[in-house]
Structures are given as structure tokens and as C-alpha cells.
There are 4 protein chains.
Amino acid sequence: MAGRNFLFVPGPTNVPDRVLRAMVVPQEDHRSPKFPELALACIQGLKRIFKTETGTPILFPSSGTGCWEAALTNTLNPGDTVLASTFGQFSFLWADMCRRLGFDTQVLDLEWGEGAVPERYHAALEADREHRIKAVLVCQNETATGVSSDVAAIRRVLDSLGHPALLFVDAVSALASIDFRMDEWKVDVCVSGSQKGLMLPAGLGVTCVSPKALDAARTAKSPRCYFDYNDMVKNNATGYFPYTPSIPMLYGLREAIAMLEEEGLEQVFHRHAYLAGGVRAAVFEGWKLRLCARDPRWYSDTVSAIMVPEGFDAAKVIARAYSRYNTSLGAGLSKVAGKVFRIGHLGDSNEVMMLAAVAAAEVAMLDCGIPVTPGSGTAAAGSYYRAHSPTREGA
Amino acid sequence: MAGRNFLFVPGPTNVPDRVLRAMVVPQEDHRSPKFPELALACIQGLKRIFKTETGTPILFPSSGTGCWEAALTNTLNPGDTVLASTFGQFSFLWADMCRRLGFDTQVLDLEWGEGAVPERYHAALEADREHRIKAVLVCQNETATGVSSDVAAIRRVLDSLGHPALLFVDAVSALASIDFRMDEWKVDVCVSGSQKGLMLPAGLGVTCVSPKALDAARTAKSPRCYFDYNDMVKNNATGYFPYTPSIPMLYGLREAIAMLEEEGLEQVFHRHAYLAGGVRAAVFEGWKLRLCARDPRWYSDTVSAIMVPEGFDAAKVIARAYSRYNTSLGAGLSKVAGKVFRIGHLGDSNEVMMLAAVAAAEVAMLDCGIPVTPGSGTAAAGSYYRAHSPTREGA
Amino acid sequence: MAGRNFLFVPGPTNVPDRVLRAMVVPQEDHRSPKFPELALACIQGLKRIFKTETGTPILFPSSGTGCWEAALTNTLNPGDTVLASTFGQFSFLWADMCRRLGFDTQVLDLEWGEGAVPERYHAALEADREHRIKAVLVCQNETATGVSSDVAAIRRVLDSLGHPALLFVDAVSALASIDFRMDEWKVDVCVSGSQKGLMLPAGLGVTCVSPKALDAARTAKSPRCYFDYNDMVKNNATGYFPYTPSIPMLYGLREAIAMLEEEGLEQVFHRHAYLAGGVRAAVFEGWKLRLCARDPRWYSDTVSAIMVPEGFDAAKVIARAYSRYNTSLGAGLSKVAGKVFRIGHLGDSNEVMMLAAVAAAEVAMLDCGIPVTPGSGTAAAGSYYRAHSPTREGA
Amino acid sequence: MAGRNFLFVPGPTNVPDRVLRAMVVPQEDHRSPKFPELALACIQGLKRIFKTETGTPILFPSSGTGCWEAALTNTLNPGDTVLASTFGQFSFLWADMCRRLGFDTQVLDLEWGEGAVPERYHAALEADREHRIKAVLVCQNETATGVSSDVAAIRRVLDSLGHPALLFVDAVSALASIDFRMDEWKVDVCVSGSQKGLMLPAGLGVTCVSPKALDAARTAKSPRCYFDYNDMVKNNATGYFPYTPSIPMLYGLREAIAMLEEEGLEQVFHRHAYLAGGVRAAVFEGWKLRLCARDPRWYSDTVSAIMVPEGFDAAKVIARAYSRYNTSLGAGLSKVAGKVFRIGHLGDSNEVMMLAAVAAAEVAMLDCGIPVTPGSGTAAAGSYYRAHSPTREGA
């Protein structure tokens with residue numbers, strides 16, 4: 001097909017040319033005296049991205065899924081109890097992993113379209129008088145439903161109850177796009193990946209571990225080797241890795257961090273909110289449709305899951321957008337398959353990319369018989385962008 | 001600025017990733033026994049692009065401007081008379097070059113917005129009883145005004161009068177986008193460049209020369225050396241060049257030709273007409289604006305020069321699109337500066353790119369106070385694309 | 001430093017320009033209808049590389065270390081007994097992983113410089129009358145010492161004893177460089193990685209699993225999730241992955257497989273033996289030094305670990321080669337640290353690269369006071385190449 | 001063929017990965033407000049490379065040949081007299097161009113292997129009492145024979161005679177490799193190209209013009225348009241070009257200049273002398289052969305033309321190096337065809353690349369029956385590098 005594919009799945013996201021270029025490197029000796037300069041630049045930079053001074057970023061050659069597993073096996077003993085909530089495919093999969101790895105998994109089964117309801121966490125943790133729950137899992141941004149949760153609120157629940165459980169956060173589709181604060185929220189393990197807000201191809205599991213979690217890792221008895229924090233921390237201390245890292249991914253990561261910091265992290269968050277605002281304007285004011293996210297408090301600034309009207313199949317919209325308009329929209333997964341299509345608005349994006357996404361989704365919907373008003377989406381999104389500042393106030 | 005720049009200037013056009021990739025090559029010896037395979041693939045492929053069996057494609061390390069000069073100095077003697085028409089910045093510059101190089105230059109001064117009017121050529125050539133006019137220049141696609149001319153009609157004029165002048169065609173923004181037929185139209189020199197329909201960076205002058213023009217080149221007395229056809233033809237015969245060629249550009253050209261042929265040249269032309277149709281629908285039906293091209297017979301399928309309403313400055317629209325929306329529109333040049341902005345729809349383009357161009361131009365116009373109806377452009381363009389086939393009938 | 005770094009570590013190896021180019025791709029939707037074409041091309045191609053019809057290649061976003069772990073946790077139950085041999089850093093680490101993951105690990109502790117002695121395996125397996133040993137581990141090519149082992153011989157040991165244990169082979173630095181035959185040798189899990197003979201950056205764990213191992217995976221009780229074969233096999237069946245794969249690595253892998261098959265696998269093996277022969281000629285005939293590998297039967301065709309004379313520090317040679325001559329030699333690891341430097345001759349290599357390695361090592365050794373005869377290494381290697389055919393006989 | 005091609009032709013030279021990377025860019029609007037930043041960075045940087053404050057660098061989309069022509073047509077009137085010397089293929093071609101363009105061309109016909117003998121220039125200029133010679137041409141580095149000339153000496157000749165002729169220097173294979181001083185030597189036009197010391201692909205003619213030459217350009221009557229200095233200077237003043245420039249080449253040039261300046265120009269010159277020294281040691285001390293350059297005063301630090309013994313065909317050595325050893329050596333051109341092969345040691349080179357060149361040439365010569373001592377070349381070159389400092393004294 002002619003022209004560029006428009007990629008609006010919420011990951012892998014569009015890799016900026018600058019990052020792509022940084023990755024076109026010859027291979028090099030990962031044990032050379034020069035190598036630590038690169039490795040340490042990545043690790044130090046990630047500390048700023050995670051907003052942590054006490055936490056330890058760790059990079060696994062893996063997907064984010066691997067970091068989910070690492071969080072569990074490094075800090076817990078076999079049979080330990082964890083508390084998770086499920087309200088979308090990815091929060092479900094993480095909870096399911098807990099079960100598969102043999103942990104006693106308490107699940108708060110929430111509606112898809114809601115987020116991590118603090119009250120439900122409060123009830124479960126309050127009931128846990130004996131502190132059998134060793135870890136509390138929160139998905140900051142549920143990519144499947146376009147729902148963001150309030151991690152700070154969960155931290156407040158733990159604090160208010162004096163509950164000592166570790167706090168694990170899945171920030172895969174939040175980090176470097178939506179504000180995340182490792183230290184302020186006292187997160188013990190934050191799990192993320194390279195292919196979202198970090199604007200890289202998939203392949204690097206990016207995680208950050210608190211001193212408390214590292215302490216747990218020293219004694220935890222769950223079997224693990226590849227994902228062992230201790231090996232990583234020991235090798236990383238001098239700027240090396242326990243096994244061969246991907247040279248291009250490290251160069252790419254260093255460049256991506258530089259881009260984020262040149263723009264400024266707070267401005268990056270503002271941009272994501274601003275771009276998301278235009279997409280939501282198209283959905284609500286233009287197309288008169290609904291999001292999967294049920295309430296503005298849950299609206300995600302990185303991905304919007306848009307519900308097609310009853311009687312229509314969202315999968316057909318996605319197929320049409322792809323085959324006729326060279327545009328990749330995100331599919332509805334599991335419970336919302338066929339009900340939603342998703343527009344990812346995270347990573348390296350701008351207004352015209354969003355207008356293109358809206359315009360493409362619109363013609364695809366029309367082709368599928370969905371009665372939206374032609375031009376209404378771009379009109380609403382365009383008006384939103386014209387009325388709002390692309391930069392932070394005062395900036 | 002975040003996200004991808006949207007490039008809608010009518011050259012350089014967007015280089016497809018596949019071509020970009022083909023150009024990431026180590027340098028190599030341009031005198032090696034293996035080199036001719038690459039060079040000859042380019043030259044043979046260009047014959048098919050020019051639709052010629054008798055013509056000889058020549059590649060100069062130059063811009064298209066260099067090929068303008070080569071056409072003149074290789075075939076004409078000092079002081080020879082040429083006939084040109086001017087109806088835009090590029091047709092003007094070519095005629096101006098004739099004057100600067102000392103040729104006796106007869107100019108048909110046409111309105112900007114019209115093309116090469118065959119009747120005017122007829123009158124001038126009919127008056128030239130003594131056949132003092134040695135070359136007739138036609139700009140097939142005037143990039144500055146978005147005007148296409150009928151080259152075949154000019155050939156018919158020459159034939160009907162039995163006039164022996166050479167026919168030179170500027171197909172810089174036409175080749176590989178709008179139908180061009182070297183042999184059928186008996187064109188003597190076709191001038192083009194790499195950075196338009198050939199989807200490459202600038203840097204290669206791409207020209208094609210008829211046997212009649214090569215004959216002229218054997219005896220023409222205009223001084224030239226760098227652009228000498230004879231040197232090129234002699235060296236190219238065995239697959240080499242008289243001076244060091246750009247290795248990446250040759251690999252890129254070979255790949256671009258492969259892409260054009262995989263899609264099919266006729267389908268490439270269809271696609272350009274189809275994409276242009278959507279842009280024109282946005283202009284006329286959506287925005288209720290006018291093109292610089294005055295009549296449908298002149299509408300260009302590779303670039304649209306859109307007139308802003310009286311009292312507005314098109315340069316401000318372009319500046320706004322660039323600075324706020326990361327979108328590059330083409331400027332109005334010379335006589336139409338401030339009056340038009342241009343959307344290039346040539347090269348590696350598709351529907352959503354056009355919708356993005358329209359959406360970006362629309363918000364930029366609105367920001368400049370131009371009273372177009374929000375969403376009207378994408379509505380009209382989208383409807384056009386939905387109603388028309390992206391592929392040729394029967395295909 | 002000016003000029004190109006010469007990379008002779010035995011991994012990551014030099015990525016050919018063609019593969020590097022294939023990896024310069026935009027990201028794409030890994031759930032698109034087009035995606036399986038790419039994924040299945042990789043998987044089908046790997047079957048030919050592994051020489052298997054019944055085996056199932058699996059790609060993990062991981063290093064080869066991850067595939068070591070996957071082999072163990074997918075097929076064994078907690079506490080199961082495995083038999084391993086250690087004769088270098090990597091065979092040691094794999095055995096150590098068995099212990100760390102809680103398996104009862106019988107280790108054949110061999111000399112560094114020897115390989116997997118079949119007689120030692122025979123003795124251990126013969127003694128295992130009750131067939132408590134569930135898996136037998138063999139390192140086909142010990143990268144740390146430059147030692148190759150005879151996997152077929154270990155298979156014969158198992159067969160002769162009628163022992164039902166699974167056979168696991170580490171072919172990380174052997175696959176696509178030294179002959180490996182999954183089906184013929186009845187290997188149950190072969191473990192490899194992207195950054196050696198497959199000529200890619202690190203980041204893909206490349207493994208192949210026999211039907212017998214997949215059967216074991218259906219019931220094995222060792223906890224695992226990320227590295228679960230069943231998830232992979234189920235998703236791969238339709239050309240998808242259970243989590244986001246690296247798009248560039250898949251394109252790179254497809255291209256690397258194409259290159260290997262265009263050259264021909266048997267010719268690839270021949271080339272490795274031929275290039276290794278030149279390096280060994282430099283070591284023995286030129287420099288009058290010794291390899292770590294104690295006997296020709298153990299000589300590796302992918303890496304040579306060269307012993308410096310008593311009283312010299314190999315680490316200084318490596319440091320000098322790097323800092324003064326922009327050349328990366330492989331370090332001696334663990335027991336052989338300071339005693340050897342390594343020249344990797346696997347992957348995308350040719351004669352002049354080997355001559356450069358030899359020349360660089362020679363000046364670095366001379367700078368460190370090691371009394372080799374100037375020019376003797378390149379003289380011997382050059383003579384070897386001149387006297388031997390770069391292609392297979394009859395080819 | 002497996003492995004990397006070793007490229008030792010004296011242009012195009014090896015493009016450093018860093019420059020190659022800088023060229024992987026999307027196209028952009030060459031009339032944007034941001035564009036001049038790039039263009040002016042290149043132009044300003046080149047002033048430092050040319051060592052000029054008063055000169056004006058000009059970039060033509062062309063090869064260096066185009067800049068030869070531009071020097072002549074911009075500053076001379078038809079029929080003007082020029083003085084040139086020929087002592088190799090490139091100095092010959094430039095003089096030949098003068099004739100072809102209709103200038104009265106006085107040629108000092110020197111031996112191939114010598115350079116621009118100042119005494120011969122003195123005699124010719126002294127005889128020109130009427131100052132009919134308007135321009136004096138000197139080839140600073142004759143790429144075909146590996147001969148460097150003393151430009152300062154020619155300037156002294158002109159000064160001593162008070163001769164007002166313009167001084168034109170071909171520094172194609174000298175600039176950014178061998179010291180060149182535009183202002184100090186009062187050069188009027190320096191001609192160079194992108195594909196040599198500037199470490200880029202071919203395609204950019206890089207020239208620098210003195211105020212005196214620009215004055216001449218204002219009134220010179222030779223017809224020219226594409227190569228007109230005035231158009232360029234006028235457009236460049238604001239950071240634009242009269243016709244579409246190659247975006248990738250400009251980004252590449254900016255990066256190449258940055259690399260040269262990070263290393264330091266004087267250190268770049270030192271490195272070239274140092275690397276050349278090793279190659280010459282191989283030729284003289286190792287192989288006992290001769291250079292085409294007849295005297296040390298003519299030895300070029302960018303390319304060595306090595307004479308094969310009587311009775312042998314250098315073309316066969318080159319063919320063998322290419323077909324068997326994947327190594328590109330430079331051919332003998334014209335008068336020295338078959339008599340010499342050339343090793344380019346300019347641009348992005350280092351010691352081990354030179355050792356590789358020497359090793360490859362040696363096995364190729366041996367294969368052709370030339371009786372050099374195996375290993376003698378690398379022994380001599382290696383000893384040279386070991387005995388000399390890669391950095392300037394005091395550095």
C-alpha cells in the first residue's frame with residue numbers, strides 16, 4: 001500500500017526518527033571499558049523518568065510481561081498472598097499470572113470501564129488484619145479499556161491502614177506519558193516496557209525497584225534466575241549486565257530519554273492530556289459516541305477505547321481502517337472485543353496525527369454503516385486543539 | 001516538536017521507508033566489476049518509467065535545474081532560438097535560463113493559472129516559416145500553480161506544421177505521478193529530478209534524451225563539460241559514470257523503481273488522480289475556495305495551489321501550519337506569493353495523509369481568520385475517497 | 001576514535017549491513033492481519049536452520065539465558081534431577097542455574113579446555129539405573145574456552161543405555177555457524193540467541209523444542225509464566241505472540257535467515273571452518289602459541305581462546321587492542337581470566353576480517369612485550385587462506 | 001560474499017556510522033523557517049575546514065567535476081588563457097575541461113609521479129609579461145598517482161612575479177585530510193567534493209571562493225546558469241538554496257564537520273600522515289616495491305599508488321583482491337593502468353584498516369605470482385604504527 005501506515009495502536013508506538021536513527025549502530029563489546037558510560041546513562045536517566053532517587057531501575061531483555069513476573073518472583077515466597085484488581089485485559093493477565101505462579105491471589109473483580117477503586121482496596125486490606133497480603137497490584141493505565149487509576153489513592157489506603165504490603169504498579173502504558181511518581185507514592189515495583197511512552201520498539205522490560213523490594217529480593221524464596229534482581233543490581237553497579245544486552249535498544253533508550261527531557265517531563269504529560277482532549281472531543285462532541293471509560297475520572301490520556309453503537313462490530317471498523325485506509329487502530333480485547341476500537345495517543349504524537357486518526361476512524365465507521373456525521377470528528381478535535389494551549393500554562 | 005512532521009510541499013516528497021532503508025548502504029567502488037549491475041538496473045528501469053524504447057535515460061549528480069541546462073547546451077548552438085511559455089515560477093525560470101545562456105528566447109507569456117495553450121504554440125511556430133526555432137519548451141506540470149499541460153497537444157502542433165524543432169519537456173513534478181510518454185509524444189528531452197514522483201531525496205537530475213537530441217549533441221557547439229551527454233552515454237554504455245556517482249541514491253532509485261512497478265505505473269497515475277480528487281473536493285465543496293488553476297483541464301494531480309480569500313495572507317497560513325501544527329505546506333512563489341498555499345499530493349501518499357493535510361490546512365486557516373466551516377474539508381475529502389475506487393476500474 | 005571498530009568478541013557479532021537495513025522499520029501493529037506473514041516466515045525459516053521437521057522453534061524476547069531457564073522450567077518438575085557438565089564459564093552458568101532453580105544437579109566437572117566427554121556422560125547415566133535423571137545438558141560450543149563438543153556422541157550414549165532423559169543442548173555460539181541437527185540427534189531443547197551466528201543484535205532468545213519436550217511442558221509443574229512454551233505455541237500457531245514482539249528483530253531475523261540460505265547452510269559451516277583454520281594457523285604456526293582447547297577434537301570453528309605465554313596478562317593485550325587499535329577481542333572469563341584472549345570468528349566474517357584480527361592481536365601482544373614474530377600471524381593465516389578453498393569442494 | 005567489503009579506493013571513502021546515521025532523515029521543506037539553521041551550520045563549518053575567513057563556501061549538487069567547471073565559467077571570459085599542469089588522470093581531466101570549454105589552455109606536461117613543479121610554473125608565468133594568463137590551476141593531490149603538490153609554493157611564484165592571475169586549487173582528495181589554507185595561500189577557488197576527506201557519499205560539490213573570484217564572477221561573460229556563483233551566494237546569504245538541496249547530504253555534512261572538529265583538524269592531518277606512513281613502510285620495507293610518486297616530497301598522505309614489478313599486471317591484483325578477498329583497491333588509470341594499484345588512506349580510517357589493506361593486497365599479489373615475502377607488509381606497517389604516535393606531539 002502506498003504512503004505511510006498510520007499507527008494508532010497503543011503500543012508499539014511510533015518510534016521517532018531521532019530514536020530510530022540512534023539505533024542504527026554497529027554492535028559493540030558489552031564488556032568494553034567504554035560500555036558502562038552508555039548503560040549508566042540509561043539507568044540514571046530512567047531514575048528521573050521514574051521520579052525516584054531511592055529506586056533502582058532495572059532493564060530486562062523482555063517484554064513488560066517479564067517485569068510483571070520479576071516483581072512477583074523476586075519479592076515473594078511461594079504461596080504468598082497478593083491483592084489485585086481486574087478491570088481490563090492487562091490487569092486480568094497480571095492477576096492471572098499470580099495464580100499461575102502459585103500465589104494466593106485475591107482479586108477485586110471490577111467493571112471493565114472502571115479503574116482501581118480505592119474503596120475496594122480499602123475494604124480488602126482492612127479485612128486483612130494479619131497482613132497476609134504481601135503485595136498489592138495496581139494497573140495505573142489499563143490499555144485495553146483506556147482507563148487510568150489513581151495510584152496515589154491506593155498508597156493513601158495502605159498508609160491509612162498501616163498495611164505493610166508492597167505496592168506494585170503496572171505503568172506500562174503510563175510511564176513517560178502520564179505522571180508517575182515512584183518515590184512520592186512509595187511504589188515498590190513499577191513495571192513498564194520500552195514500546196509505549198519510551199518510544200522504542202518492544203524488547204526491553206523497564207522496571208524500577210524500591211529499597212524495600214530489593215530487601216525482599218535478598219531473601220525471597222521463589223525460584224527465578226533470568227529475572228533475578230540481585231544479579232542485575234550487582235552487575236549494573238559497574239555499568240554491565242549479567243547477559244548480553246541489546247546494543248541498539250540501549251542507544252535508543254538513551255536518545256528517547258534525552259528527547260523526553262528536552263521537552264520536559266511535565267510538558268510531555270501536558271501534551272498527552274492535550275492530545276487526548278482532542279480525541280475525546282471528537283468522540284463526544286463530534287461523533288456522539290461513548291468511551292469504554294465510564295467516568296471522566298477514569299479517562300486515560302494515553303489511549304481511548306471508543307464504543308461503537310449497539311448492533312455494529314468494532315472489529316469491522318478496525319479491519320476497514322487497516323485494509324482500505326492503511327491505518328492501524330487498536331482492537332477490543334476479550335470482554336470488549338467487537339465493542340470498542342482504540343486510538344492510542346501516547347508517545348511521539350502531535351495534533352495532526354490525532355486529526356488523521358480521527359479522520360481515518362470516521363471514514364472507516366461510515367464505511368461500516370455507523371451513522372456519524374462526516375467531518376464532525378475532525379471539526380471537534382480541531383476546535384479543541386485551537387482552543388487549548390499545546391504547552392503548559394506559564395510555559 | 002513532538003510527532004512526525006507532515007510534509008506536503010510538492011518536493012522534496014516523502015521518501016518511503018523502503019527507499020530510505022535501501023539507501024543505508026556502505027560506500028562501494030564505482031569502478032568495480034559488480035557496479036554496472038546496479039547502474040544498468042537504474043537506467044533500464046527508467047526507460048520503462050519514461051515509457052521509451054528509443055530514448056536514453058541519463059542521471060546527473062545535480063538538481064532538475066541542471067537537466068534544464070543540459071537539454072539546452074547539449075543540443076543547441078550559441079544564439080539558437082528557442083520557444084518557451086511561462087505561466088508559473090518554474091516555467092519562468094527555465095525560459096529565463098535560456099536567456100541567461102545566450103539563446104534567442106521567444107516567450108509565450110501566459111496567465112498564471114493557465115497551462116501551455118496549444119493555440120499559442122501553434123501561432124508562434126506557424127509564424128516561424130524559416131524554422132529558426134530549434135527547440136520548443138513545455139512545462140508539463142507547473143509546480144508553482146498546480147497546473148498540468150497537455151504535452152501531446154504540443155506535439156500535435158509541431159507535427160501538424162511539420163516543424164522540426166526539438167521538443168523539451170519539464171516533467172519534474174509529473175514523472176512517475178502523471179502519465180508521461182517519451183516515445184508516443186516524440187519528446188526529445190524530458191527533464192526530471194529525484195525528489196518528486198521518484199520518491200528520493202534531491203540530488204539526482206533524471207533526464208531522458210531521444211536519438212534526435214543525441215544526434216544534435218554530437219555536433220552542438222554550446223560549451224559544456226560537466227553536463228555533456230556524450231561523456232555520459234559513452235560511460236553508461238558499460239554501466240559506469242564519468243565521475244563518482246552517489247551510491248546511496250542509485251540504490252534508492254533502484255528500489256523506488258521497483259516500488260513503482262510493483263504498484264504498476266498506470267495504478268500510480270490513478271492513485272495520484274484519486275488522491276488529488278479528494279483534495280480538490282475539500283477545496284471546492286468543503287471550504288468553498290478556489291484553485292490557482294483556472295479550469296479543470298489545467299488541474300494538476302500532483303499539487304494543488306489553493307487561493308486564500310481576498311484580504312488574507314497565505315504566507316501566514318503556511319507559517320501557522322508549520323509552527324503550530326508541524327505541517328509543511330508549499331509556499332506561493334513570485335506572482336502568487338501570499339495568494340496561495342500549496343498541498344503536494346505526489347509521491348508516496350495515501351488517503352489519510354491527504355485527510356491530515358486538509359485537516360491541518362483547515363485549522364491553520366481558521367487560526368488566521370479565514371472563514372471556512374470546521375470539518376468541511378475532511379468531510380468533503382473523506383466522502384470523495386469513500387465514493388471513489390483507490391484502484392483502477394477492472395483492477 | 002577514527003575509523004571502524006573491529007569487533008571480534010564472540011557475540012554480539014557483526015550485524016551485516018543488509019540485516020541492519022532490514023531492521024530500520026517503522027513499528028507496526030503486531031495484531032494486524034498482515035503480521036503473521038512475518039512471524040511465520042521467521043518460525044518456518046528457523047526450522048530449516050535447526051534442521052528439524054518435528055521441532056517447534058520459539059522466540060522469546062530475552063537473551064539466550066532466558067531460553068536456558070525456559071528449557072528447565074517448562075519440562076521439569078520441582079526437584080527433578082539433571083545431569084550437566086562444566087568446562088567453561090557458560091556451561092558452568094547453566095549448571096548453576098539448575099541449582100538456583102532448585103533442581104537436583106549432577107555436575108560432571110571437566111577441565112577447561114576439554115569438552116563434553118562422552119565417556120563421563122556414559123558413566124553417570126549408566127549409574128542412573130532408576131532413571132532419576134530427567135534431563136541431560138550439553139554445551140555444544142563453550143564460548144569461554146573455544147571448545148566444541150560432539151552432541152551426536154552424547155545422543156549415542158543415551159540411546160545405547162536406553163536412557164529416557166531429555167537432551168538439552170546449548171547451541172548459543174554454534175547455531176548457524178557449526179552444524180547442528182535437531183532431528184537427527186534427537187535433541188529435545190536447543191537453546192540459542194540472536195547475537196551470534198544469526199548475525200542480529202542481542203534480544204531474541206531462539207530456542208527449538210521437540211514434541212517430547214512439548215509433551216513434558218503440558219504437565220510440568222515448575223512455576224513459570226513469561227517463558228511458558230504452551231502460551232507461545234498456542235499463539236504462534238496463528239502467527240501471533242502472547243506479548244508484544246520486537247518488530248525490528250523479526251524483520252532482521254527474516255533477512256538473516258535469507259542470507260544464510262542464499263549462502264547455503266553447509267557453505268556457512270564450511271566458511272566458519274575455513275576462517276577458523278586461518279586463525280589457528282596464525283596461533284600455532286605464526287605465533288607459536290597455544291589454544292585453550294587442548295586437542296584438535298575440541299577446536300571450535302566459531303571462537304578461538306588464545307593463551308598468552310606464562311608471565312603475561314591477556315587482559316592487558318585486550319585493553320591495548322581496544323584503546324590503541326580500536327579492536328575488540330574477547331576477554332578471558334573466570335578461571336581463564338588473564339590467561340586467554342579470544343577471537344570470535346563467527347557470523348558475518350571473511351578472510352580480511354580475520355587477517356585484521358590477527359594483525360591487531362599481534363601488535364597488541366608486541367606492545368605488551370609478548371615475543372611473537374612481527375608479521376608471523378598474518379603470514380600464516382594468509383598462507384592458510386591462499387591454500388584452502390573458501391567454498392566447499394565440488395561447490 | 002560474506003563479511004564486510006573492505007573499501008580502500010581513494011573515494012568514495014568509508015562513511016562513518018555516525019555520518020550514515022545522521023543521513024537517515026525524513027525529507028523536509030527546504031524553504032521552512034528552520035532550514036537555514038542547517039544550511040548555515042554547514043557553510044560556517046566549511047569556512048573553518050577551508051581555513052578561511054574571507055572566502056565563501058558554496059555547495060553544488062554535483063560531483064567535484066562540477067566545481068571544476070564552476071571555477072572556470074564563473075570567473076573567466078570566453079577565450080581567456082589559463083595555465084595548468086598535468087601529471088595524472090585528474091590534473092589531465094581538469095586541463096582538458098579548460099580546452100573543451102573553449103579556454104586557451106597552456107599546459108605544463110609533467111611526469112606522472114611528479115607534482116606541480118614550482119619552477120615550471122615560474123617559467124611559464126614569467127614569460128607571460130602581458131598577464132594574459134587569467135587563472136592558474138594546481139592539483140593539490142593527484143589521486144591517480146598519489147602525489148601531493150606544494151600549493152604555497154605556487155602562490156609564492158605568483159607573488160614573486162606580481163602576477164595577478166587567479167589561483168585555482170583542486171583539493172578534492174586533500175581537503176580535510178591534508179592541510180589546506182585558503183586564506184594564507186590566497187587561493188581564489190578551491191574545488192572539492194563530499195566523498196573524500198569529508199567522509200560523505202558523492203553528490204555534493206564543495207567549493208570555496210575568494211572575494212577576488214566573486215568579483216570576477218560579477219562580470220565574467222562565460223555562459224553558465226546552474227553553476228552560477230551569484231545565484232548561490234545570494235540565496236545562501238539567508239540560508240537557502242536556488243534549487244532543492246539534498247536534505248540527507250546536508251545533515252551528513254554537518255555531522256562530518258562536527259566529527260572533524262571534535263578530533264581537531266590538525267590531528268586529522270596528523271592521523272592521515274601517520275596512517276600513510278604505515279602503508280609506505282609496508283611498500284618499501286616490507287614488500288620492497290616502489291610508489292608511483294617518485295620522491296618523498298611528492299608522497300601523498302591520502303592515497304598511495306603502488307607499482308607492481310615489471311611483468312606483472314596490477315589490474316589482476318585488483319581483480320583478485322575484489323573477487324576473492326572482498327577488498328576494493330583503487331585501479332591504475334590511463335597512463336598507469338596495469339602498472340599500479342592504489343590504497344586510499346583518507347577519510348575515516350585507522351591502523352587496523354590499514355593493516356587489513358596491506359594484508360589483503362599482499363595475499364592478492366602472492367596469488368598473482370608477485371614475489372613479496374608473506375607477512376612482510378603487515379610486519380613493516382605494524383612496526384611503523386607501534387613506533388609512532390597516533391596523536392600529535394604534545395597532544
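The structure presented is a predicted model; accordingly, all values stated were derived computationally and were not measured. Numbered from 1 within each chain, the chains take letters A, B, ... in sequence-line order.
- In terms of heavy-atom pairs under 4.5 angstrom with chain C, the leader among A:Ala70, A:Ser194, A:Pro61 is A:Pro61.
- Taking both residues in full, the closest heavy atoms of A:Leu20 and C:Val24 are given as CD2-CG1, 3.9 Å, listed atom of the first, atom of the second, then distance.
- At least one side-chain heavy atom of C:Asp231 sits under 4.5 Å from a side-chain heavy atom of A:Arg100.
- Here the shortest heavy-atom pairing between C:Val15 and A:Gln27 reads CG2-CG, 3.4 Å.
- Within the 4.5 angstrom heavy-atom criterion, only side-chain atoms of C:Pro248, from C-beta onward, approach chain A.
- Heavy atoms closer than 4.5 Å to chain C are found in the side chain of A:Leu333, but not in its backbone.
- No side-chain heavy atom of A:Ile247 sits less than 4.5 Å from a side-chain heavy atom of C:Pro201.
- Interface residue A:Thr13: only backbone heavy atoms are found under 4.5 Å from chain C.
- Using a 4.5 Å cut-off between heavy atoms, A:Asp228 contacts chain C through its side chain alone, with no backbone atom that close.
- Options A:Pro245, A:Cys225, A:Pro242 differ in how many heavy-atom pairs under 4.5 Å they form with chain C, and the most are formed by A:Cys225.
- Rounding to the nearest 0.5 Å gives a distance of 7.5 Å between CD of C:Gln195 and NE2 of A:His30.
- Between C:Phe227 and A:Tyr226, the gap from one ring centroid to the other is short of 6.0 Å.
- For the set A:Lys34, A:Arg21, A:Met249, the count of heavy-atom pairs under 4.5 angstrom toward chain C peaks at A:Lys34.
- A 4.5 Å side-chain heavy-atom check between C:Ser63 and A:Thr244 finds every atom pair outside the cut-off.
- The contact between C:Phe90 and chain A is made entirely by side chain atoms (from C-beta outward), counting heavy-atom distances below 4.5 Å.
- Using a 4.5 Å cut-off between heavy atoms, C:Arg4 touches chain A through its side chain atoms alone.
- Residue-level contacts of residues 321-331 of chain A with chain C, in order of numbering, are A:Tyr322, A:Ser328, A:Leu329; threshold 4.5 Å between heavy atoms.
- Only the side chain of C:Glu69 comes within contact range of chain A, with at least one heavy atom under 4.5 Å from a heavy atom of that chain.
- Per-residue counts of heavy-atom pairs under 4.5 Å with chain C were compared for A:Gly11, A:Pro78, A:Ser246, A:Ser62; the largest is that of A:Ser62.
- Comparing C:Pro223, C:Pro12, C:Ser32 by heavy-atom pairs within less than 4.5 Å of chain A, the highest count is held by C:Pro12.
- Proximity to chain A (any heavy atom under 4.5 Å) is shown, for C:Leu101, by both the backbone and the side chain.
- Applying the salt bridge (charged side-chain N to carboxylate O under 4.0 Å, His left out) criterion to C:Glu255, with sequence neighbours excluded, gives C:Arg18.
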